[in-house]
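Values in this document were obtained by computation on a predicted structure and should not be read as measured data.
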There are 2 protein chains.
Amino acid sequence: MPLRRRFSTEKGTDLHRCLVCDIRAQSVCSAIDDTELAILAQASKRLTLPPGTSVVEEGSPAVAFYNVTSGTVKLFKSLPDGRRQITGFADIGHFLGLTNAETYAFSAETVDTVQVCRFLRPQLETLLTDYPQFERRLLSEVTDELAEAQEQMLLLGRKTARERVASFLLNRMLPPASPNQTESEGCMVSLPMTRVDIADYLGLTIETVSRTISALRREQTITGTDNHGIRVLSVSRLTDLASGQTSGQNNR
Amino acid sequence: MPLRRRFSTEKGTDLHRCLVCDIRAQSVCSAIDDTELAILAQASKRLTLPPGTSVVEEGSPAVAFYNVTSGTVKLFKSLPDGRRQITGFADIGHFLGLTNAETYAFSAETVDTVQVCRFLRPQLETLLTDYPQFERRLLSEVTDELAEAQEQMLLLGRKTARERVASFLLNRMLPPASPNQTESEGCMVSLPMTRVDIADYLGLTIETVSRTISALRREQTITGTDNHGIRVLSVSRLTDLASGQTSGQNNR
DNA sequence: CGAGTCTTTGAAGCCTTTCAACCGAGGTGG
DNA sequence: CCACCTCGGTTGAAAGGCTTCAAAGACTCG
């Protein structure tokens, strides 16, 4: 509390924001020392965005870089006729908007209510130059991102609909809620997005996604009536499905 | 020549190698000052690899980082049953093998005769730490790589076979050989890889790739009898095709 | 409770794949 | 020297998985 008062009176902004940020450890911001967090807070601005808000737009000037602190943002590219490919979902701790180009090569839109920290381009540049650990951390994040993109290319180019959906559910599986959660209870899957988004992420149609999920439910691989609350019953079976290690049966 | 003698006697290795490297300007190495190139040369080793050589293998320890100085390397991921997705081609000036993980998440194999400079992991780490410009340049390269990956996801997830092949040919189009080359002569396309590789890159079968290229030839959009020597006759038509801006006619 | 949105399910169609045969170039060995 | 084999590529015909088109069910929110 004393901290809050001290910092917020200092310049009118809450410079302690980054200090109390509970997801800092998971993001690029963890690269900045505790003692210099005021600089980080000064370089960025926290925004709260309602669902369906456009964060960046393909082709518009790349003026800012964002760090997601809560909620989920979808990144996508579109063709002139409206076909869309979601290239990834950025959720807690992930960044978006990094580019060498003058303009963004992709669009980004919030899936649910999202909080982001926005860094304007010049301020990001300063951070990168002044804090090598920050730059290193960012390099590490982009490298991971690239590895994920390659995995997704394998999915889009070579996997069947069943394999795609199985891979997707596995990737979005949450860690067990309690440490003593039994295997039989199954793991929850985080699905804040609609079927349209899932389809555009997996390179399928909403009908195919729906049919495939229904099939998995019928086979008792997953359960959950609520569309956004699916539970995985057999992780091992889903893992096999995801990599194509399954006899061709039960495809309906 | 005096340089060669001085450096090569110094430690028995050709430390001037990087100084005379004619593609340095195009690669991450351009970030290192001329005066410190000996350090770069010491940190790396140049290798010449025949076609079909495995450079890195999915799952094996990630001990090295490579910079391609000539030729083309294909990067790919595979499924247990052998299905393969080529995630990219690394040619002159591009790097490969950067990862945060203990093991590589992809494989890489030479397409033709390839020259690479190999940096072992600890030496790369040292360079990154000692030369912030080097790290910055690498960040920039990975960022570009990620943007390309997103473009490829759009292709794999949402484009038709015709659109994929058209996009591929455009991407691999070489700049006009001579500045006064007329538009009508057409641009050459660099295709060192086989149909199998093209198919695995575009998420198609070799038959579909072959049929599509034949169709483009029949329509006079491209020419060239030699499989690895294709010439684009109408860049604008190909551009329209690549983004789906074309009436559905002439698909055969 | 009704309008709109999201999802599910069914049936038909189509683009790509699969299966198969053929072609041409390059290398080999009798 | 040329038959023979292999390999990469092309082409044809049939099959299949996903999409498209269509309609009904389920959920949300004022």
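Looking only at distances, a side-chain donor or acceptor of Lys77(B) sits under 3.5 Å from a matching main-chain atom of Ala105(B). A distance-only check finds no donor-acceptor pair linking the side chain of Thr110(A) to the backbone of Val73(A) [under 3.5 Å]. No donor-acceptor pair closer than 3.5 Å links the side chain of Gln26(A) to the backbone N or O of Ile23(A).
Nucleotide dT17(C) holds its C1' atom 18 Å from the CZ atom of Arg195(B), rounded to whole Å. Nucleotide dT10(D) holds its P atom 12 Å from the CG atom of Leu216(B), rounded to whole Å. Protein atom CZ of Arg83(A) is 13 Å distant from nucleotide atom P of dT19(D), rounded to whole Å. Rounding to whole angstrom units, NE2 of residue His228(A) and C1' of dC6(C) are separated by 8 Å. Rounded to whole angstrom, the span from the NZ atom of Lys159(A) across to the P atom of dT16(C) amounts to 22 Å. Protein atom CD1 of Ile206(A) is 18 Å distant from nucleotide atom P of dG25(D), rounded to whole Å. Nucleotide dT19(D) holds its C1' atom 17 Å from the CZ atom of Arg84(A), rounded to whole Å. The distance between atom CZ of Arg217(A) and atom P of dT9(C), rounded to the nearest whole Å, is 8 Å.
Within the nucleic acid shown, Ser210(B) comes within 4.0 Å of at least one base atom, counting heavy atoms only. Heavy atoms of Leu204(B) sit under 4.0 angstrom from primed sugar atoms or phosphate atoms, though from no base atom. At a threshold of 4.0 angstrom between heavy atoms, the contacts of Arg164(B) with the nucleic acid are absent. Here Thr208(B) lies in heavy-atom contact (under 4.0 Å) with a base.
Side-chain N/O atoms of Thr194(A) include none lying less than 4.0 angstrom from OP1 or OP2 on dT5(C). For dC15(C), neither phosphate oxygen OP1 nor OP2 lies less than 4.0 angstrom from any side-chain nitrogen or oxygen of Arg162(B).
Ser167(B) and Lys159(B) get closest at one heavy-atom pair: OG-NZ, 2.9 Å. Contact detail for Thr212(A) and Thr208(A): the closest heavy-atom pair is OG1-O, 2.6 Å. Closest approach of Arg17(A) and Arg46(A) over heavy atoms only: CD-CB, 3.8 Å.
The aromatic rings of Phe119(A) and Phe65(A) sit perpendicular to each other, their planes meeting at more than 60°, with 30° as the lower class boundary.
The nucleotide whose nearest atom lies closest to any side-chain atom of Thr205(A) is, among dT19(D), dC18(D), dT11(D), dT19(D).
Between Arg83(A) and Thr160(B), some side-chain heavy-atom pair lies under the 4.5 Å cut-off. The shortest distance between side-chain heavy atoms of Tyr201(B) and Lys74(B) does not fall below 4.5 Å.
A donor atom on one side chain and an acceptor atom on the other are not found under 3.5 Å apart for Arg84(B) and Ser78(B).
Between its two ends, the helix from dC1(C)-dG30(D) to dG30(C)-dC1(D) turns its axis by 30°, counting five pairs per end and rounding to 10 degrees.
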Heteroatom pairs (N/O) under 3.5 angstrom, protein to nucleotides 21-23 of chain D:
residue : atom : partner   : partner atom : Å
dC21(D) : N4   : Glu207(A) : OE2          : 3.1

